[in-house]
Colleague: 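Below you will find the structure I want to go over with you.
Per chain, numbering begins at 1; letters A, B, ... match sequence-line order. Only this structure's heavy atoms are used, side chains among them; waters, hydrogens and symmetry mates stay out. Being a predicted model, the structure only gives us computed values, none of them experimental.
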Amino acid sequence: MPELSAGDTAWILTSAALVLLMTPGLAFFYGGMVRAKAVLNMLMMCFLALAIVSVLWVLYGYSMAYDESVGGLVGGFSLAGLTNIGPDDLAGTIPVFADVGFQAVFAIITVALIAGAIAERATFRGWAIFVVLWATIVYFPVAHWVWGDGGWIGEFGAIDFAGGTAVHINAGAAALALAIVIGPRLGWRRDPMKPHNLPFVLLGAGLLWFGWFGFNAGSAYAADGIASSAWVTTMTATAAAILGWLLVDVVRDQKTTALGAASGAIAGLVAITPATGFVSPVGSIVIGLLAGVVCALAVGLKYRFGYDDSLDVVAVHLVGGLVGTLLIGFLANETYTGDAALRGLFYGGGIELLGRQAVAAGAVMLYSFAVAFILGLIIHRTVGFRVSEDAEVGGIDLASHAEAAYEITTAAGPSSSHAAVSQAAKERSVQA
Amino acid sequence: MPELSAGDTAWILTSAALVLLMTPGLAFFYGGMVRAKAVLNMLMMCFLALAIVSVLWVLYGYSMAYDESVGGLVGGFSLAGLTNIGPDDLAGTIPVFADVGFQAVFAIITVALIAGAIAERATFRGWAIFVVLWATIVYFPVAHWVWGDGGWIGEFGAIDFAGGTAVHINAGAAALALAIVIGPRLGWRRDPMKPHNLPFVLLGAGLLWFGWFGFNAGSAYAADGIASSAWVTTMTATAAAILGWLLVDVVRDQKTTALGAASGAIAGLVAITPATGFVSPVGSIVIGLLAGVVCALAVGLKYRFGYDDSLDVVAVHLVGGLVGTLLIGFLANETYTGDAALRGLFYGGGIELLGRQAVAAGAVMLYSFAVAFILGLIIHRTVGFRVSEDAEVGGIDLASHAEAAYEITTAAGPSSSHAAVSQAAKERSVQA
Amino acid sequence: MPELSAGDTAWILTSAALVLLMTPGLAFFYGGMVRAKAVLNMLMMCFLALAIVSVLWVLYGYSMAYDESVGGLVGGFSLAGLTNIGPDDLAGTIPVFADVGFQAVFAIITVALIAGAIAERATFRGWAIFVVLWATIVYFPVAHWVWGDGGWIGEFGAIDFAGGTAVHINAGAAALALAIVIGPRLGWRRDPMKPHNLPFVLLGAGLLWFGWFGFNAGSAYAADGIASSAWVTTMTATAAAILGWLLVDVVRDQKTTALGAASGAIAGLVAITPATGFVSPVGSIVIGLLAGVVCALAVGLKYRFGYDDSLDVVAVHLVGGLVGTLLIGFLANETYTGDAALRGLFYGGGIELLGRQAVAAGAVMLYSFAVAFILGLIIHRTVGFRVSEDAEVGGIDLASHAEAAYEITTAAGPSSSHAAVSQAAKERSVQA
Amino acid sequence: MKLVTAVIKPFKLDEVRSALETFGVQGMTVTDASGYGRQKGHTEVYRGAEYTVDLVPKTRLEVLVDDTDVDDVVDVIVKAAQTGKIGDGKVWVNSVDAVVRVRTGEVGVDAL
Amino acid sequence: MKLVTAVIKPFKLDEVRSALETFGVQGMTVTDASGYGRQKGHTEVYRGAEYTVDLVPKTRLEVLVDDTDVDDVVDVIVKAAQTGKIGDGKVWVNSVDAVVRVRTGEVGVDAL
Amino acid sequence: MKLVTAVIKPFKLDEVRSALETFGVQGMTVTDASGYGRQKGHTEVYRGAEYTVDLVPKTRLEVLVDDTDVDDVVDVIVKAAQTGKIGDGKVWVNSVDAVVRVRTGEVGVDAL
Ligand SMILES: Nc1ncnc2c1ncn2[C@@H]1O[C@H](COP(=O)(O)OP(=O)(O)O)[C@@H](O)[C@H]1O
Ligand SMILES: Nc1ncnc2c1ncn2[C@@H]1O[C@H](COP(=O)(O)OP(=O)(O)O)[C@@H](O)[C@H]1O
Ligand SMILES: Nc1ncnc2c1ncn2[C@@H]1O[C@H](COP(=O)(O)OP(=O)(O)O)[C@@H](O)[C@H]1O
């Protein structure tokens, strides 16, 4: 029986904290991309996902994902509330609670990712309900399929090191469904809808990259050689994807863009996620470069097919997730997978691995899309999933949160806003 | 004799870095909440606390807190300058220097927390002096009371896992004292004084949460099961507190606010701090929810009693710290405390634990309040603790630091500030 | 033969992630200091260095730095592509891949540091070419000199714990060369050219400090006592340097400035870098204080000698690196170096150590300056290293990236930019 | 020579500009403004207190026109800026004594 | 019809607005401005160099009023905006040839 | 009394201000503006789509002057603001019925 390894535990606790930081990072990556009148709502969608999913995870999510399998489809409820678990219980060389924490943050970020597709226009109530239902009906079971003991995808033999299917394809497919259900923003295709704060986009990208080392290298569940190679490939694939996306920028527009660099980084991180512990550094450069190029081109899909996936969740997460999941079929390297059966086509493996990867990707994509579509529709028709036209034009921050993001007055210049001074403060009930 | 554990050391060094990051995080949490003309001063108050307390800690702070006890009240000075300590000396399974670093960042953040109560109006000189004196007279001894070998609170049997009394009640009480001493901002209750940059508030909250995993789970002093359960409760209490605060928002104002979400997160983190390694995940959800609701309501106290605690340090840290410290008396769980005597009322424990918690909380609160009040008064009457009216109205950034935070010119739009161009640059003595 | 230590590995993987975060941190430190029309370009210069150097490192950089020495000058190419390395290979107690990752991020940040000297005016193409060439011709060999097995500086007996010569003097000298080659910004000395976003400067400083714990304490290559003392000195030197720089501010201008605090922090971090594991905490306070004062004064050099080192890379990194590298000759402490031969003058050592430090510093400085100067000149004369006057005046963000950093519209106030509305969107080829 | 000043809803700027261009006006100067009038502002909540912001974002245009064009230009602006909802804004006309084009020093109608 | 333009200290806006409202003026247009005059600006320090910023933040109001009200309105603004310290600003009056309400096309006094 | 309004290139503000100071004008009010005219704007790229921003940043000045000075003031501004390249801007003059200094209530030339 394995003993507690303080080193492995230190690494998993660190990794869990890093992955938790990804959700605020995502909030800024997304928040910088929306217009100034909607940045708070974007941040709040991410923080709400963080708050709700954390609680659900402890109440029943961990149990549904990691309890004993019910037919390979979902875990049971015997771990609900985590009341059976104590600080001395181990999962391999780490405490079960470290596993609980580390897995929780995956659930959180997956749900938060979806928000980008419906930026600037979703009711906060609708989003809250969606978060609860989609996490419960889709994420918890799908995590079980892929990583749960006895989950059907794992049994079937498809592999996913850190979440290409369970996280990115899953979130990307749901994002597509919601974008279709709630429809495009007013003025879409007519107005530019440019990012209001590109430095925030790069800040978010930087924090995401940083956190992703926990996401990928932490998924080794130990501080060992595979964690280290995963660390390296998480760096190199991302770097290569930045170069790939900027290449598309230059060829198409004769300029490199900051939005392209940030998006390329995320595309690379997404694509390497499923493959990070299975491929060599050079393999990861191939994955990154391809992901950068393919995702940059995939942004155009929404214009061709007419859905307003506002912050390109589909192009980056669904497409990037597919790129990485399928490239495993070509680039999986026995030196890293440690299993002769897990070799990609380029390393003398057969076509079966690629086939299994495709089946797993397809299954998660269809399931997530279908459930998200139905949930979205139900919410839309009942409590409403879309704010009023006035709220959207005037800004969802004011309409949904009664706040404005910035009140930037500089004593130095003429841009001093007098709004603050001209307000009639009507204190209503500030007392407790 | 325990040996060095690389795993435990890795975790404590990581935790220490995480906690250090909390002070910049706090700077942004606070800095986003003040008006644009005071953001640099707010950031500088936090960074100054960081700079001063780091140096004091090495010179004599660590010694006063952790050297042999003088009557349970304060440590001696034999460790002053840390000259007796070498890299091979151990404190348990980690090097003493790791302990020095980890404890240093607690001292720093505690002092920095106080700044929020006197935002936008304190002289920088006054603040510098206060930092030196309060750290010396209050923080170092109180840390000894709670965590020092032979400190009276520890001996007395009150428990504080990561700093509910020593950090939050302590800082909150001092904040209240200073807010009273230096008085409300000009225009308080009349002008809105809205946060100038809410995304910064959320950025700060995100960084604080991230760093708090080091604060709480690092306080296990090992990478083990209790560190892991502390990690989990640090996530869940915070999440629940966000939901709790937003609930108050919705009931009272029919809107969820971003400021509420950020404040709720901090309230939850504060409340779980003393209890983090003593309660179960479900227990932590109870603590978080209650803290979110209670702190949200406690914000009204300042209006009722008429002190301008500008960024609600009292409502969040004093009140939140009390909530957590007292709830230990109800929710302490033997599975986690590992001691049948440390059981809360809900788990069959007696009232004594609650009583001891209350005594410890009360003692720290009174001591910190009294000393801070006297120090504040002396500083106010001598070197001055409050900037001139002109400086406050015109902006403390210009008055105290001769800087303006933002000079945002976009070539794209009409908001290009011409201030930069219209300045008559009078270089005085730029040469060294 | 040493075995894998999970604890050491956890610490190095964590440290590597921390150091990676330093490049985004640097991007914000620098980005906040430039004018608003150039912030994206500054961020992009840093992210481009990150992307390119990551890939080069795997392809041949690691090999040039750490493969078997060719005459003490450079490593060979047998590790090119890292194809000979597997996840089970160890370097001491950690996997080779952990070493690869940890060393990669040093290469990245060194190159990125240079960008600050040529802010707001360099062609992006020129920068991309410079990054490739300088990394290849200067950084990889110099890393070998200092840290490679058999590198001449190491053999010679000069010591550099975490990169005073290899990173800071190296980057600072190259920065000086480029600033001279491409010349001052239009309006330099006439216009104020104030930082456009000082909170970003402090955010960057905070992230850099946080990451620097990995940089310095990670350079112990183990989670042990020296890592812990390095952690502490990284905190205290930085704190002291903030105080030192603010002291100069106060004496000269009667005000403390936020820019001074941020710059002081970086100066302290730079100066402690080579000495971090060799000096006591009190020694580190001396180094920090001196670095803060000296670097603050060194900012004036550029006015005296007439080069526009726009963001003071020379004053902070070259000068700060020299301060730290030379002070080792005075303050190296046997308790920490563990070698009686490595004692500074203040601890009874001879003048030889100081001499060796000076030679190493001088050699790196000259080599880096010379090569950077020649590379800069060639690039300037061929593809061009400087944007057009129109581009510089109108803003390099628009000229080089066709983007504007901010589009901040608040529904609340009059500063609503109508630029977005008044644009005629001419979609060209958004489809893939 | 006349100066036509218009205060309009910000999102109408593009339409007004196109309409003026079609009419033949070749230039204008635009400033951000905020307006107070019949149109209500919005409400913000801060720490449980509610604040009403009375000012509404507006865009202010200035167009110098020849005397003969002034009525048409006012008409073009009013038509293009109209939504029919409260807060559409005002247009007013001042007399101008002289106009100079900075670049050339040309005066009067030639300066436009 | 007259156009009253006032340049005042920003923190006086609210008082001026209330005073005008009490008087019966129902609307105005506000822009951020900065002023240069007797009032001194402030000093900034950057890397040890001192810069004087001469421009002082101001708020600029425009109020269209009927000819008969113009003196009173000027008076109301001056009273409300006065602090007695340098930099209180200026108020001036122009003649207006025509005013139109965009929403309805009403002209003259009806447009206010 | 006259009101001289000038729309100029932003980076020319400092020169114009000095020139006016030298001439003896003691105050002015400045606002940020953007202009539409012969001068072309710039192009931005977003997700592969190209957007033309037609508006160009400008600075708008208002200077109240005595009738006798008006021609000279216009001249001073035009000279100082001229670069000779397209987009240098316009200067125009309106008549002012009355001017008041808020601080003192002084009117007319004394108010300047
Ligand atoms: N008397 C006035 N003087 C100057 N501007 C005014 C005046 N009245 C209204 N405005 C401007 O016109 C805008 C619209 O006016 P409002 O009364 O809200 O609607 P409407 O013109 O449709 O009746 C205001 O926001 C303000 O900018
Ligand atoms: N000649 C002028 N033309 C236009 N605006 C002016 C003029 N002189 C002053 N102002 C405006 O009035 C403001 C106050 O003027 P100032 O001379 O500082 O104080 P005061 O009016 O109290 O004597 C200035 O900031 C500027 O905005
Ligand atoms: N008819 C007009 N009315 C008001 N402002 C105008 C007019 N025409 C031009 N302008 C202003 O003058 C600026 C310069 O005009 P432009 O035609 O670009 O160059 P130029 O005046 O050198 O011929 C414009 O950006 C705009 O602000």
Side-chain angles (χ1 to χ4, degrees), chain B residues 4-11 13-14 16-17 20-21 24 27-28 31 39-40 43-44 47-48 50-52 54-55 58 81-83 86-89 94-95 97-98 100-101 104 124 200 400-403 405-415 420-421 423 425 427 429-432, chain C residues 5-8 10-11 14 18 35-37 190-192 194 196-199 202-203 206 209-210 213 217 222-229 231-232 235-236 239-240 242-243 252-253 255-259 261 281-282 285 297-298 300-301 303-304 335-336 394-395 398 404-406 415 417 419:
Chain B
L4 178 81
S5 158
D8 291 348
T9 304
W11 177 235
L13 293 180
T14 301
L20 187 125
L21 184 66
F28 277 80
V39 53
L40 294 179
L43 297 171
M44 285 291 277
F47 274 82
L48 188 73
L50 219 176
I52 291 178
S54 293
V55 172
V58 163
L82 308 180
T83 42
D88 295 334
D89 294 325
I94 63 169
F97 278 130
V100 169
F124 204 59
F200 276 178
S400 289
H401 308 296
E403 294 176 312
Y406 307 101
E407 190 78 45
I408 294 189
T409 311
T410 54
S415 48
V421 180
Q423 290 168 342
E427 270 180 36
S429 77
V430 290
Q431 287 89 349
Chain C
S5 158
D8 292 347
W11 177 235
T14 302
L18 287 169
R35 286 172 289 177
K37 62 184 175 181
R190 187 193 65 209
D191 302 338
K194 292 188 304 177
H196 88 284
N197 197 327
L198 279 166
L202 285 157
L203 174 65
W209 195 346
F210 175 58
F213 287 107
D224 61 7
I226 287 295
S228 302
S229 74
W231 198 103
V232 171
M235 174 181 75
T236 45
I242 292 175
L243 298 177
R252 190 178 52 193
D253 309 310
K255 310 267 182 189
T256 55
T257 63
L259 184 61
V282 169
I285 292 178
L297 296 174
L301 292 173
Y303 296 109
R304 181 164 296 164
T335 315
Y336 296 84
L398 285 174
Y406 307 101
S415 48
S417 161

Colleague: Just verifying a value: how many Å separate B/Thr9 OG1 and C/Asp224 CG, rounded to the nearest 0.5 Å?
Modeller: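 One finds 8.0 Å between OG1 of B/Thr9 and CG of C/Asp224.
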
Colleague: Return the option, out of C/Leu259, C/Leu202, C/Val282, with the maximum number of heavy-atom pairs under 4.5 Å with chain B.
Modeller: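 Option with the top pair count is C/Leu202.
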
Colleague: Could you tell me which portion of B/Ile94 (side chain, backbone, both or neither) has an atom closer than 4.5 angstrom to a non-hydrogen atom of chain C?
Modeller: neither

Colleague: Report the distance from atom OG1 of C/Thr14 to atom CG of B/Leu13, rounding to the nearest 0.5 Å.
Modeller: 9.5 Å

Colleague: Checking the side chain of B/Glu403 only, and the main-chain atoms of C/Ala258 only, is there a donor and an acceptor separated by less than 3.5 Å?
Modeller: yes

Colleague: Which residue out of C/Pro199, C/Ser5, C/Ala227, C/Gly7 racks up the most heavy-atom pairs below 4.5 Å with chain B?
Modeller: C/Pro199

Colleague: Taking B/Phe28, B/Trp11, B/Phe124 one by one, which has the highest count of heavy-atom pairs under 4.5 Å against chain C?
Modeller: B/Phe28

Colleague: Which one, B/Ala402, B/Pro24, B/Ala104, B/Gly101, leads in non-hydrogen pairs under 4.5 Å with chain C?
Modeller: B/Gly101

Colleague: Atom CD1 of C/Ile226 and atom CG of B/Asp88: how far apart are they, to the nearest 0.5 Å?
Modeller: 7.5 Å

Colleague: So which atom in C/Ser229 and which in B/Phe97 form the shortest heavy-atom distance, rounded to 0.1 Å?
Modeller: CB-CD1, 3.6 Å

Colleague: Side chain, backbone, both or neither: which part of B/Leu50 has a heavy atom under 4.5 Å from chain C?
Modeller: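 Answer is both: backbone and side chain atoms of B/Leu50 are under 4.5 Å from chain C.
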
Colleague: If we define contacts as heavy-atom pairs under 4.5 Å, which of C/Ala240, C/Ser228, C/Pro281, C/Ala217 has the most with chain B?
Modeller: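 With the most close heavy-atom pairs to chain B, the winner is C/Ser228.
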
Colleague: Give me the atom names and distance for the closest heavy-atom approach of B/Met44 to C/Ala261.
Modeller: SD-CB, 3.6 Å

Colleague: List the atom of C/Ala239, the atom of B/Val55, and the distance in Å for their closest heavy-atom pair.
Modeller: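 Of all heavy-atom pairs spanning C/Ala239 and B/Val55, the closest is CB-CG2, 4.0 Å.
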
Colleague: Tell me, side chain or backbone of B/Ala16 under 4.5 Å from chain C's heavy atoms, or both, or neither?
Modeller: both

Colleague: Counting distance only, does the side-chain N/O of B/His401 pair as donor-acceptor with the main-chain N or O of C/Thr256 below 3.5 Å?
Modeller: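 Confirmed, B/His401 side chain pairs with C/Thr256 backbone.
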
Colleague: If you count heavy-atom pairs under 4.5 Å with chain B, which of C/Tyr336, C/Phe213, C/Trp231 comes out on top?
Modeller: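 Ranked by contacts with chain B, first place is C/Trp231.
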
Colleague: Would you mind checking which part of C/Ala222 comes under 4.5 Å of any heavy atom in chain B, side chain (CB onward), backbone (N, CA, C, O), both or neither?
Modeller: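 For C/Ala222, no heavy atom lies under 4.5 Å from chain B.
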
